[in-house]
Amino acid sequence: MIESLQKYLNQNDLSTNFFRSSSLAQKKRITNNLVKNIESKYSIPDKYNVNNIHLGLKNPMTAYIYWEYTFDRINKTLFKAGYEDIREVVLLLRVYSIDRNNKVEKYNDIRVELDDSNLYLDDLKVDHSYTVELGILNSEEKFFPIIKSNQIDL
């Protein structure tokens, strides 16, 4: 009986597949445990508590913006703009299109929410540069910048 079972396993290579898959499963479990240990010890924070906005190119017609601001910075700007409550704030990304002579040709305002932290800009023009400011628009429609990005050139 044992001989016939051994013969069957050898013919169908089931024993090696069983041990091979068992070995792979064990290696996978060890790897997963290592990853979990590393992630728990060295996790990437959701926020860094900095005031930063960055503008980068995705392709010749699209840019990607990501930002973070501290509530201390936004509160200072909030009071300069005449607001008392952060829930009243109109938060904007002001996108400046800069021509070849380094002059602001125009700007567009994009309303964002307090929880937003990134955005794609589409339909950019070649031979232009762009920069972005995150800021607050007050009731008289005056713009109060919080942070300003780098400049990208197309």
Side chain N150, main chain L55, donor-acceptor under 3.5 Å: yes
Has Y107 got more than 12 heavy atoms of other residues, nucleotides or ligands less than 6.0 Å from its OH? no
Relative to the ring of Y64, is the ring of Y66 parallel (under 30°), tilted (30 to 60°) or perpendicular (over 60°)? tilted
Taking the side chain as C-beta and beyond, is there a heavy-atom pair between Y69 and L91 under 4.5 Å? yes
For residues 58-73, pull every pair meeting salt bridge (Lys or Arg N to Asp or Glu O under 4.0 Å), keeping only residues two or more places apart or in separate chains. D72-K76
Applying side-chain hydrogen bond (donor to acceptor under 3.5 Å, both in side chains), can you list everything that pairs with T77, at least two apart in sequence or on another chain? none
Side chain to side chain contact (heavy atoms under 4.5 Å, CB included) between V104 and T131, intermediate numbers included: CA-CA 10 Å; V104 174; T131 189; over 6 Å; no
Please report the closest heavy-atom contact between I147 and W67, naming both atoms and the distance. CD1-CB, 4.2 Å
If you round to the nearest 0.5 Å, how far is CG of L154 from CD1 of I98? 10.5 Å
Within residues 90-104 or reaching into it, pairs that qualify as salt bridge (Lys or Arg N to Asp or Glu O under 4.0 Å) - sequence neighbours excluded: R94-D109, R100-D127
Taking only distance into account, with no hydrogens and no angle test, what donor-acceptor pairs under 3.5 Å do side-chain atoms of residues 111-123 form with protein atoms, sequence neighbours excluded?
residue: D116; atom: OD2; partner: E113; partner atom: N; Å: 2.8
residue: D122; atom: OD1; partner: T62; partner atom: OG1; Å: 3.3

Salt bridge (Lys or Arg N to Asp or Glu O under 4.0 Å) pairs touching residues 130-154, sequence neighbours excluded, are none
Would a hydrophobic clustering, with Ile, Leu, Val, Met, Phe, Trp and Tyr connected at side-chain separations under 4.5 Å, put V90 with I86? yes
Which ILVMFWY residues are connected to M61, directly or by a chain of links, through side-chain heavy atoms under 4.5 Å apart? none
Gap between atom CD1 of I53 and atom CD1 of I146 - 0.5 Å precision: 9.5 Å
Test item: N108 side-chain N/O and V95 main-chain N/O as donor-acceptor pair under 3.5 Å: no
Out of curiosity, E84 CD to F79 CZ, how far, rounded to the nearest 0.5 Å? 7.0 Å
Applying a strict under-4.5 Å side-chain criterion to I, L, V, M, F, W and Y, I'd like to know whether I136 and F71 cluster together. yes
How far does CG of N102 sit from OG of S129, to the nearest 0.5 angstrom? 6.5 Å
Please report the closest heavy-atom contact between A63 and I152, naming both atoms and the distance. CB-CD1, 3.8 Å
Which pair of heavy atoms, one from S139 and one from Y83, lies closest together, and at what distance? N-OH, 3.9 Å
